[in-house]
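Within every chain, numbering begins at 1; the chains are lettered A, B, ... in the order of the sequence lines, protein sequences first and strands thereafter.
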Protein chains: 2
Amino acid sequence: MARTTGSHSDITGPRVRDAALRLFARHGFAAVSMRQIATEVGVQAGALYNYTPDKQSLLFALMRDHMVELLDAVEALPDVSPLAKLEGFVRFHIAFHHERPDAVFISYMELRNLSPENFEALETLRRRYETVLEDILHSGVAAGLFQVADTRIATWAVIAMLTGVNTWFRAGGRLSLNDVQDQYWEMVRRAVAVG
Amino acid sequence: MARTTGSHSDITGPRVRDAALRLFARHGFAAVSMRQIATEVGVQAGALYNYTPDKQSLLFALMRDHMVELLDAVEALPDVSPLAKLEGFVRFHIAFHHERPDAVFISYMELRNLSPENFEALETLRRRYETVLEDILHSGVAAGLFQVADTRIATWAVIAMLTGVNTWFRAGGRLSLNDVQDQYWEMVRRAVAVG
DNA sequence: CTTGGTTTTGAACATGTGTTCAGTTAAATC
DNA sequence: GATTTAACTGAACACATGTTCAAAACCAAG
């Protein structure tokens with residue numbers, strides 16, 4: 001046997017990425033073999049190499065694509081007052097991350113499995129995302145709306161707090177996503193706003 | 001060759017655990033082989049099985065020991081007012097986690113490599129730790145000192161925020177550990193305290 | 001010095017790993 | 001219908017994996 005009926009790279013390509021994303025998130029990059037991914041796709045392991053030069057590049061592509069999506073979305077947020085911007089950021093972060101639990105998980109957990117160059121590329125993207133929030137905090141401080149001792153630390157604190165939602169929140173439970181957004185926004189607002 | 005001169009289980013045992021802790025934290029459980037651990041200890045792979053029945057038990061022992069230490073320490077905090085208790089918890093969490101970056105990292109990252117029973121055992125310990133903070137928040141709310149919509153969510157939010165310190169803080173930099181504790185305590189206090 | 005217990009070696013086992021590639025079949029193009 | 005291109009198979013490569021165990025060497029006690 002060789003080429004199978006109905007096979008097409010436009011179909012197999014996304015299926016490879018989807019399977020890799022799910023398996024990497026569930027079991028970890030190092031614990032997943034190329035043969036497991038291939039089985040999930042319904043193909044032999046060798047066929048995967050039409051879609052990635054090697055296993056690590058597959059991981060990196062997933063992480064990079066996720067971060068680029070994240071950046072594009074956050075930079076499209078409306079340009080309003082610092083307080084409204086902060087609220088927008090909080091609600092956006094929670095919602096965006098909730099929709100992509102696997103990609104978020106991988107992007108935080110598998111950094112150590114990247115080559116130095118790939119790691120650096122991803123860190124650069126992550127820093128750009130953090131800077132969006134830090135700029136908001138900074139402009140709020142300048143406008144006398146926020147009271148923050150160190151905008152850098154506050155940035156890390158807020159992002160860690162918001163990202164933590166993914167570890168426990170599941171849709172269909174006691175609280176809606178909106179409830180969660182409301183409560184986190186309330187805590188963030190009080191933590192940084194004056195008076 | 002066989003038994004080596006100077007070999008003793010009281011020495012090799014801790015060395016096995018130390019090497020495993022450091023390697024698991026650095027490269028991940030699945031990416032570290034028993035032979036790598038053995039090399040680090042200065043022993044052949046077979047000798048490790050005098051100290052653990054298998055690889056997974058070694059991981060679990062490290063995680064469980066860490067959580068038990070954490071629980072013992074947090075339950076020894078003084079019984080004072082809710083506000084002072086909360087401050088004590090915040091400062092304790094930051095300091096304790098700062099001193100054990102490898103154990104903290106492993107205990108958060110390698111949960112998925114545990115068997116179901118081991119996972120459940122660790123989750124129970126983690127819930128007990130969270131309950132310490134939730135009880136503090138709850139008693140503060142009852143005393144009219146705190147204003148928190150949902151103590152469960154606030155617990156997760158605070159712990160995620162505090163644990164995040166480990167991802168960026170390194171001793172010897174711009175800020176002392178005390179500076180960091182001060183700033184996080186300020187943010188937590190404002191996020192939950194009334195007016 | 002002998003005996004009994006402790007600790008480690010070194011080889012082996014069965015299986016799994018990422019990756020390559022010649023050969024084969026399906027789809028697309030002319 | 002003939003030819004070219006795209007997609008995949010299946011086998012192979014060289015090596016790594018967790019774990020077991022008889023044999024050997026060390027240490028401690030009598």
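With C/dT9, C/dT17, D/dG18 as the candidates, the nucleotide lying closest to the side chain of A/S33 is C/dT17. Which of C/dG5, C/dT9, D/dC8 sits closest to the side chain of B/R3 comes down to C/dG5.
Here the closest heavy-atom approach between residue B/R189 and residue B/L83 is recorded as CG-CD1, 4.4 Å. Contact detail for B/D102 and B/A25: the closest heavy-atom pair is OD1-CB, 3.5 Å. Between B/M34 and B/K55, the shortest heavy-atom distance links the atoms SD-CG, 3.6 Å. Listed here is the closest heavy atom pair of A/G42 and A/R15: N-NH2, 4.4 Å.
Under a 4.0 Å N-O distance rule, the pair A/K85/A/D79 qualifies as a salt bridge. Using a cutoff of 4.0 Å between basic side-chain nitrogens and carboxylate oxygens, B/R91 and B/D182 are scored as salt-bridged.
In this structure, B/H98 places its NE2 atom where more than 12 heavy-atom neighbours from other residues, nucleotides or ligands lie under 6.0 Å away. Within a 6.0 Å sphere centred on CZ of B/R112, other residues, nucleotides and ligands contribute more than 12 heavy atoms.
In terms of phosphate contacts, A/T12 brings a side-chain nitrogen or oxygen within less than 4.0 Å of OP1 or OP2 of D/dC8.
Of the residues in residues 34-53 of chain A, those lying under 4.0 Å from DNA chain D by heavy-atom distance are A/R35, A/V43, A/Q44, A/G46, A/A47, A/N50, A/Y51. Non-hydrogen atoms lying under 4.0 Å from DNA chain D are contributed by nothing in residues 13-27 of chain B.
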Do B/I153 and A/W168 pass the side-chain contact (heavy atoms from CB on, under 4.5 Å) test, and can you show the C-alpha distance, the side-chain angles, and the key distance before you say yes or no?
-> CA-CA 9 Å; B/I153 291 183; A/W168 61 269; 3.8 Å; yes
Test log, rule salt bridge (charged side-chain N to carboxylate O under 4.0 Å, His left out), inputs A/E69 and A/R100 | CA-CA 11 Å; A/E69 257 193 89; A/R100 297 158 177 80; 3.0 Å; yes
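Taking atom CG on A/D10 and atom P on D/dA6, their separation rounds to 12 Å, with Å as the unit. The distance between atom NZ of A/K55 and atom P of C/dT17, rounded to the nearest whole Å, is 8 Å. In this structure, the CG atom of A/L58 is 14 Å from the C1' atom of C/dT19, given to the nearest Å.
Toward the 5′ end of DNA chain D lies the nearest nucleotide of A/S9, the other residue of the pair A/S9 and B/F29 mapping further downstream.
Each of A/L58, A/V68, A/L111 was checked for a side-chain contact (heavy atoms from CB on, under 4.5 Å) with A/M63, and the lone residue meeting it is A/L111.
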Base-pair string, DNA chain D, Watson-Crick plus G-U, cut-off 3.5 Å on both distances, | for inter-strand, is |||||||||||||||||||||||||..|||
